[in-house]
Number of protein chains: 2
Amino acid sequence: MITVLGLVAGVLTTASWLPQLRRSWRTRSTGDLSWTYLVMLSVGVGLWLTYGVAVADVAVLAANALTLAALTTLMVLKVVHHHAPGEAR
Amino acid sequence: MITVLGLVAGVLTTASWLPQLRRSWRTRSTGDLSWTYLVMLSVGVGLWLTYGVAVADVAVLAANALTLAALTTLMVLKVVHHHAPGEAR
């Protein structure tokens, strides 16, 4: 039951990145997202991932692995769109 | 040691919201942040908080309590700025 709670929580926090990625992909605008935020969050999520491995917590592990993938994609979008024509910021 | 890892991870993922809040506060622009993302993430973080209580994991509990507070502040900023003059989106 507790594991299910963790898994549902993990699915939600992880899946929440999909609408954000979708928005950033469509609008090609990511200027409102702070670089400091994205980098700090990525490092933190990477440590959570290590923590999940250390305490053998599947929910923590899986959620943070997928979140890290989403964050990486978002940062790639931010770099690409920043250098694309028509995006000034 | 493992608890320290969790706490450092928690501090990073939680503190990462500060530069994002600072940016959103300064620019008064939050249009690039997806509502679906913010709401799903908040519900997920709320469940993580419950999970942290259930498994008595202080790192998970503390990190998610503070993240939820940051997310709530960000959503308030998004609502306020959306209705403020000069902000079209």
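Every chain is numbered from 1 and lettered A, B, ... according to where its sequence line falls, protein lines coming before strand lines.
Looking at A:Asp57, the atoms closer than 4.5 Å to chain B (heavy atoms on both sides) all sit in the side chain, from C-beta outward. When heavy atoms are compared at a cutoff of 4.5 Å, A:Ala59 approaches chain B by way of both its backbone and its side chain.
No continuous path of ILVMFWY side-chain contacts below 4.5 Å connects B:Leu66 to A:Leu41, so the two sit in separate hydrophobic clusters. With hydrophobic clusters built from ILVMFWY side chains whose heavy atoms lie under 4.5 angstrom apart, B:Tyr51 does not share a cluster with B:Leu7. Residues A:Val79 and A:Trp17 are members of one and the same hydrophobic cluster, defined by side-chain heavy-atom contacts under 4.5 angstrom among Ile, Leu, Val, Met, Phe, Trp and Tyr. Hydrophobic clustering (ILVMFWY, side-chain heavy atoms < 4.5 Å, transitive): A:Ile2 and A:Val8 are in one cluster. In the hydrophobic cluster analysis, where Ile, Leu, Val, Met, Phe, Trp and Tyr join through side-chain heavy atoms closer than 4.5 angstrom, A:Leu38 is grouped together with B:Leu77.
For the residue pair A:Thr30 / B:Asp32, no side-chain donor-acceptor distance below 3.5 Å is found, with atom types taken as modelled.
Put simply, the side chain of B:Trp48 reaches to within 4.5 Å of the side chain of A:Val60, judged on heavy atoms.
Looking only at heavy-atom pairs under 4.5 Å with chain B, the residue among A:Ala63, A:Gly10, A:Ser24 that has the most is A:Gly10. Counting heavy-atom pairs closer than 4.5 Å to chain B, the top residue among A:Thr3, A:Val43, A:Leu33 is A:Leu33. Taking A:Ser34, A:Ser42, A:Gly46 one by one and counting their heavy-atom pairs under 4.5 Å with chain B, the maximum is reached by A:Ser34.
Annotation: the span from B:Thr36 atom OG1 to A:Gln20 atom CD amounts to 9.0 Å, rounded to 0.5 Å.
Looking at every heavy atom in both residues, B:Met40 comes nearest to A:Ser16 through CB-CB, 3.5 Å. Among all heavy-atom pairs drawn from A:Ala54 and B:Leu5, the shortest one is CB-CD2, 4.5 Å. Across all non-hydrogen atoms, the minimal contact from B:Gly44 to A:Thr13 is C-CG2, 3.4 Å.
For B:Arg23 (side chain) and A:Trp35 (main-chain N/O), no donor-acceptor pair under 3.5 Å exists by modelled atom type.
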